[in-house]
Amino acid sequence: MKKYTIFGNPVSHSRSPVMQSAGFKYLQLDNTYDKTLLTDENIKDMFFNLGLSGANITVPHKEYAYISADLVVGDAKTIKAVNTYIKQDDKIVAHNTDGYGFVMAIDEFGPLSSVLLIGAGGTARAIAVALKSANIATTVANRTAKKLEFFDMLGVDTIISNDIDTSDKYDLVVNATSAGLCDSNYPMSQDKLRRVLTDSKYVFDCIYGTMTPFLSMAKQLGIKYKDGEDMLLYQGVKAMELWTNTKATKGLIDSMRSALRDKNDKQGEL
Ligand code: NDP
């Protein structure tokens with residue numbers, strides 16, 4: 001039996017234990033997956049003291065987890081934030097699977113030429129790196145300038161949200177801000193957003209399980225939209241693949257999805 005957890009603060013809301021436990025069960029592995037509130041403890045000490053074989057890391061620890069890992073692999077080196085730990089030979093190897101989750105989630109939109117990515121936090125970083133790898137022209141808009149520096153260095157276009165030229169057209173507009181998560185805010189000026197969305201084909205919100213003002217606007221305008229549930233699912237599927245060294249089957253993915261959606265399970269909330 002191997003032990004896994006998700007580190008976060010807060011972490012009580014997380015659906016990852018329900019989803020990942022369903023994955024282990026489907027694979028007939030006798031593994032456990034818990035939640036661990038991490039406040040100011042050392043994540044590496046906690047990881048080894050708990051006897052873990054792997055972990056997920058969520059807000060606000062992804063950058064701290066990146067710094068604390070022994071080895072960082074793949075896109076996480078560019079993103080400089082990680083959400084997955086794997087124990088290998090008494091070392092912590094770290095990955096970022098959020099970009100993969102995003103790419104899988106938007107797959108149903110088909111080929112895209114241009115994306116407007118609103119937000120410049122850790123999630124937007126993972127998404128921008130994935131979009132750049134896929135050669136999709138990306139513009140990152142944020143309400144303030146500081147966090148745009150990362151994207152300038154990455155080589156994608158950046159703009160302060162209020163300065164957006166609403167005559168520019170994008171295939172897809174993504175909300176990677178926390179606007180709408182626990183409030184009724186739009187990620188940028190409502191008026192400008194409406195004008196940008198009017199000319200877009202698709203809308204994606206990283207927030208899941210709630211109809212945000214951003215998604216409501218897309219619905220009103222008759223634009224195809226999607227929330228972040230599949231992104232959450234597929235970042236977890238990729239972590240599962242890494243921990244178990246297997247390729248996820250449709251059966252595994254379906255079992256994790258239905259656990260994620262099971263509203264009767266009161267462990268965390270969507
Ligand atoms: P961060 O705290 O790192 O970044 C937050 C970003 O949102 C910043 O760019 C910030 O702008 C912006 N922002 C916050 N409030 C507002 C507002 N009222 N108006 C406009 N911009 C705002 O967060 P994360 O990148 O970690 O997460 C972003 C979102 O993605 C969250 O809602 C989270 O729930 C979701 N998420 C979903 C996942 C999934 O699997 N579906 C995975 C991870 C995250 P500024 O720089 O100006 O402060």
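Both counts, for ligands and for their atoms, begin at 1 and track the order of listing. Numbering of residues begins at 1 and proceeds along the displayed sequence. Below, each value reflects all heavy atoms present in this structure, side chains not excepted, and no hydrogens, waters or symmetry copies.
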Counting from 1, what ligand 1 atoms have a heavy atom of [X] closer than 4.0 Å?
X: Ile207; value: 32 (O)
X: Gly119; value: 9 (O)
X: Tyr208; value: 41 (N)
X: Ala179; value: 17 (C), 18 (N), 19 (N)

Hey, is [X] touching ligand 1 through its side chain, its backbone, both or neither, going by heavy atoms under 4.0 Å?
X: Pro187; result: backbone
X: Asn185; result: side chain
X: Met231; result: both
X: Pro60; result: neither

Would you mind checking which non-hydrogen protein atom is closest to [atom], with the distance to 0.1 Å?
atom: atom 46 (O) of ligand 1; result: Asn142 ND2, 2.9 Å
atom: atom 5 (C) of ligand 1; result: Ser178 OG, 3.9 Å
atom: atom 4 (O) of ligand 1; result: Gly121 CA, 3.4 Å
atom: atom 47 (O) of ligand 1; result: Thr144 OG1, 2.5 Å
atom: atom 28 (C) of ligand 1; result: Ala176 O, 3.3 Å

*Without hydrogens or angle criteria, can the side chains of Asn56 and Ser16 be said to hold a donor-acceptor pair below 3.5 Å?*
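No donor-acceptor contact under 3.5 Å links the two side chains.
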*Does a donor on one side chain sit under 3.5 Å from an acceptor on the other, for Thr97 and Asn83?*
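Looking only at side-chain atoms, Asn83 and Thr97 do form a donor-acceptor pair, the distance falling under 3.5 Å.
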Does [X] reach ligand 1 with a nitrogen or oxygen that is under 3.5 Å from one of the ligand's nitrogen or oxygen atoms?
X: Thr177; result: yes
X: Gln235; result: no
X: Met188; result: no
X: Lys147; result: yes
X: Val59; result: no
X: Thr123; result: yes
X: Gly228; result: yes

Looking at [atom], would you say a protein heavy atom lies below 4.0 Å from it?
atom: atom 2 (O) of ligand 1; result: no
atom: atom 33 (C) of ligand 1; result: no
atom: atom 23 (O) of ligand 1; result: no

_Lys192 side-chain N/O to Thr166 backbone N/O, donor-acceptor pair under 3.5 Å_ =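 Here the side-chain-to-backbone pair does not exist.
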*When you measure from the side chain of Thr138 to the backbone N and O of Ile136, does any donor-acceptor pair fall under 3.5 Å?*
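Side chain of Thr138 to backbone of Ile136: a pair is present.
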Is it the case that over 12 heavy atoms from other parts of the model lie below 6.0 angstrom from the [atom1] atom of [X]?
X: Asn245; atom1: CG; answer: no
X: Met1; atom1: CE; answer: yes
X: Lys2; atom1: NZ; answer: no

*Ring-ring centroid check Phe102 Phe204, cutoff 6.0 Å*: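 Yes, close enough.
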*asked:* Would you say the ring centers of Tyr85 and Phe7 fall short of 6.0 Å from each other?
replied: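 Between Tyr85 and Phe7, the centre distance exceeds or equals 6.0 Å.
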_Judged on heavy-atom distance to atom 30 (O) of ligand 1, which of Gly236, Ala145, Cys206 sits nearest?_
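Closest candidate by heavy-atom distance is Cys206.
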*For atom 48 (O) of ligand 1, state which one of Arg143, Lys62, Glu63 supplies the nearest heavy atom.*
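Shortest heavy-atom distance from atom 48 (O) of ligand 1: Arg143.
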*For Ala218 and Tyr225, work out which heavy atoms get closest and say how close.*
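It is CB-CB, 4.0 Å.
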*How far apart are the closest heavy atoms of Ala120 and Leu148, and which atoms are they?*
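Closest approach of Ala120 to Leu148: CB-CD2, 4.2 Å.
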Taking 4.0 angstrom as the limit, do [X] and [Y] come out as a salt bridge?
X: Arg125; Y: Asp98; answer: no
X: Arg257; Y: Asp254; answer: yes
X: Glu63; Y: Lys80; answer: no

*With a 4.0 Å cut-off on heavy atoms, is Ala120 touching ligand 1?*
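Contact present.
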*Answer whether the closest heavy-atom distance between the side chains of Val173 and Phe214 falls below 4.5 Å.*
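Result yes, sub-4.5 Å side-chain heavy-atom pair found.
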